[in-house]
Amino acid sequence: MLWVKAFHIVFVASWFAGLFYLPRIYVNLAMVPPGSTAERERLLLMARKLLRFTTLLAVPAVALGLWLYLGYGIGRGAGWMHAKLALVVLVIGYHHACAVLLRQLAAGTSRRSHRWFRWFNELPVLMLVAVVILVVVKPF
């Protein structure tokens, strides 16, 4: 079980690293001046590659978490685990929102400002802090 837990932590940390940086690329994309095609295309390429890599990291993170929950019963029936699972669903939704936003940015249909993307970029930090507190402190 400790190997599963260790790899779960590694994949979760790696997944979140991607979720921390991907919206930062969106901030830069929102600030690209009109006519800067090369800069825009380079940032879009970076964002696409990072989204793909981050998605590949999310799959084992979620799978190993499910293994710990269903296979070993970690947190089963505990209130903190229910809250953590709700946050995991929010993180998956955030990840999906990143993909939707990238499609909009690539199509040129996003009307969001770089300030909006800066605020959007802070959400995974708050979710990670909440998850870590729930898992370590187990407040309920």
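Within 6.0 Å of CZ in Arg76 there are more than 12 heavy atoms belonging to other residues, nucleotides or ligands. Counting heavy atoms of neighbouring residues, nucleotides and ligands inside a 6.0 Å radius, atom CZ of Phe20 exceeds 12 of them. The environment of His96 atom NE2 is sparse: at most 12 non-hydrogen atoms of other residues, nucleotides or ligands sit within 6.0 angstrom. When the shell of 6.0 Å around CH2 of Trp80 is examined, it contains more than 12 heavy atoms from other residues, nucleotides or ligands.
Using a 4.5 Å cut-off on side-chain heavy atoms (C-beta onward), Trp15 and Val62 make contact. Here the side chains of Trp116 and Leu101 are in contact, with some heavy-atom distance below 4.5 Å. Residues Leu19 and Val91 form a side-chain contact, since some pair of their non-hydrogen atoms from C-beta on lies under 4.5 Å apart.
Using a 4.5 Å cut-off between side-chain heavy atoms of Ile, Leu, Val, Met, Phe, Trp and Tyr, with links allowed through other members, Ile9 and Val137 fall into different hydrophobic clusters. Val125 and Ile25 fall within the same hydrophobic cluster, defined by Ile, Leu, Val, Met, Phe, Trp and Tyr side-chain heavy atoms under 4.5 Å apart, directly or through other members. No continuous path of ILVMFWY side-chain contacts below 4.5 Å connects Val59 to Val4, so the two sit in separate hydrophobic clusters. Following chains of ILVMFWY side-chain contacts shorter than 4.5 Å, one can reach Val132 starting from Leu123, so the two form part of one hydrophobic cluster. Note on Phe53: it does not cluster hydrophobically with Leu45, by side-chain heavy-atom contacts below 4.5 Å among ILVMFWY residues.
Atoms CE and NE2, on Met1 and His8 in that order, are 12.5 Å from each other to the nearest 0.5 Å. Expressed to the nearest 0.5 Å, how far CG of Leu51 lies from CG of Leu56 amounts to 9.5 Å.
Aromatic ring orientation, Phe117 versus Tyr26: perpendicular (interplanar angle above 60°, classes split at 30° and 60°).
Asn121 and Tyr94 get closest at one heavy-atom pair: CA-OH, 3.9 Å. Of all the heavy atoms in Met81 and Ile74, the pair that sits closest is CE-O, 3.3 Å. Closest approach of Thr54 to Gly18, counting heavy atoms only: OG1-CA, 3.4 Å. Residues Leu105 and Leu44 come closest through the heavy atom pair C-CD2, 4.2 Å. Shown here for Cys98 and Phe120, the closest heavy-atom pair between the two residues is SG-CE2, 3.8 Å. Between Leu102 and Ala47, the closest heavy-atom pair is CD1-CB, 3.6 Å.
A distance-only check finds a donor-acceptor pair linking the side chain of Arg40 to the backbone of Ala106 [under 3.5 Å].
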Item to complete: Go through the steps to decide whether Met46 and Asn28 satisfy the test side chain to side chain contact (heavy atoms under 4.5 Å, CB included), and finish with yes or no.
Response: CA-CA 11 Å; Met46 289 171 57; Asn28 294 328; over 6 Å; no

